J.: 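Quick one: structure below, then a few questions.
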Amino acid sequence: MTTLAIDVGGTKFTVAVFADDRMVSRIQRATDREAGGASTLAAIEEIVRGLRREFRFDRCGIGFGGPVRFGEQRVALSTHVGGWNDVLLPARIAAVADAPAVMDNDANVGALGEFAYGAGRGASPLLYVTLSTGIGGGIVLDGSVLRGPDSWAGEIGHLNVEPDGPECLCGSNGCLERMCCGLWLERDTGRTAKEWTHDEAFMRGYVIPLARGLKAAIMLLNPARIVIGGGISKAGDLLFRPLRAELARQMPPWSEARVDVQPAQLGDDSVLWGALELARLEGA
Ligand SMILES: [Zn+2]
């Protein structure tokens, strides 16, 4: 079984090939944000055409960096790159790959990847949170993604964690994404994520609004495990140690819900492995 897996992110996109559950090819490119979605799509199609000289695909899985109308298999929008609204991305990929394709948003797909192959193996419910350009969340319950009737579940990035905080792109104030994502913090601090994630004092403050968001999720879901991925999770202990301590401080003393927060194991490839699992589950 040969699976084409595609991860379309806000700053880069990756195309991989799996032979059964072995990754045999991986091609990554930077996203040209100025040029927009059409140029990214054209670049992906070009790569897939090239791969078809070497592989015959049985199915394709896609993780897209923005909300997806799962039932219609259509991109709703990308909040970071223009030109993606309403694109029938799986249909376009299926046409060039000559194999059926299925898509979900990248946080849901990353959650599936960590559930099936990574740090969340066997955990149910599993909450996966990606701390990256933006912030996304995905919930896996009994082995499949909990999407809700409108395929809009898991959008943890827009929980209000600082009601008097600065305005978010969504029009609300002090959303988790506004307070904790890479894009905004680089603007707010004038420093790159690499710089502030290595600043111990900064990270002690960073985890406070982050823990508020995760606490809300724990109170609601009692997840068996929370797995955190995305570029900011690479801060390692500088993130996870103060985060676990802050969560323990914020949780009500009477709650017996576990606080099990672990870094993603699949690094930059959670979404690719999840795309493999999504294609398998959906029989694409
Ligand atoms: Zn918001």
Side-chain angles (χ1 to χ4, degrees), residues 8-11 31 33 36-37 63-70 74-87 104-111 127-139 145-193 196-197 202-203 205-221 223 226-233 235 239 243 246-247 250 261 264 270-271:
V8 186
T11 53
T31 303
R33 270 195 232 178
F64 181 80
V68 159
R69 295 190 195 102
F70 187 76
R74 189 188 287 272
V75 171
L77 70 146
S78 163
T79 49
H80 302 294
V81 184
W84 274 114
N85 296 23
D86 299 319
V87 171
D104 203 345
N105 83 63
D106 58 354
N108 285 351
V109 177
L127 173 66
Y128 172 77
V129 178
T130 168
L131 304 177
S132 182
T133 313
I135 291 186
I139 301 156
V145 175
L146 178 76
R147 296 189 177 88
D150 305 307
S151 70
W152 226 260
E155 288 288 348
I156 194 171
H158 299 276
L159 292 185
N160 299 94
V161 295
E162 202 86 65
D164 299 321
E167 196 177 331
C168 178
L169 286 177
C170 75
S172 189
N173 288 78
C175 295
L176 179 62
E177 176 167 285
R178 177 62 187 82
M179 305 310 295
C180 295
C181 81
L183 187 75
W184 276 111
L185 285 182
E186 289 192 0
R187 280 187 208 172
D188 290 350
T189 63
R191 296 194 292 165
T192 66
W196 52 257
T197 50
F202 181 88
M203 291 306 282
Y206 173 84
V207 298
I208 296 171
L210 176 59
R212 287 191 194 123
L214 296 182
K215 176 199 168 184
I218 294 173
M219 300 305 282
L220 191 64
L221 287 174
I226 297 174
V227 172
I228 299 188
I232 297 169
S233 71
L239 168 68
L243 176 59
E246 178 61 23
L247 264 172
Q250 288 185 19
V261 184
S270 306
V271 176

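Values in this document were obtained by computation on a predicted structure and should not be read as measured data. Values reported hereafter were calculated over all heavy atoms of this structure, with side chains retained and with hydrogens, waters and symmetry mates removed. Note that ligands are numbered from 1 as they come in the structure, with each ligand's atoms numbered from 1 the same way. All residue numbers in this chain count up from 1 along the given sequence.
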J.: Among residues two or more places apart or on two chains, list those pairs meeting side chain to side chain donor-acceptor pair (under 3.5 Å) that have a residue in residues 148-159.
T.: none
J.: Please identify each residue that fulfils ring-ring contact (aromatic ring centres under 6.0 Å, His included) with W196, with sequence neighbours left out.
T.: F202, Y206
J.: Whether the side chain of E177 engages the backbone of I135 through a donor-acceptor N/O pair (distance < 3.5 Å, no angle test) should be reported.
T.: yes
J.: At what distance, to the nearest 0.5 angstrom, does CG of L131 lie from CG of L243?
T.: 8.5 Å
J.: According to side chain to side chain contact (heavy atoms under 4.5 Å, CB included), who are the partners of E162, at least two apart in sequence or on a separate chain?
T.: M179, P209, R212
J.: Between atom CG of N160 and atom CZ of R178, what is the distance when rounded to the nearest 0.5 Å?
T.: 13.0 Å
J.: Listing residue and atom name, which protein N/O/S atoms are closer to the Zn ion (ligand 1) than 2.8 Å?
T.: H158 ND1, C168 SG, C170 SG, C175 SG
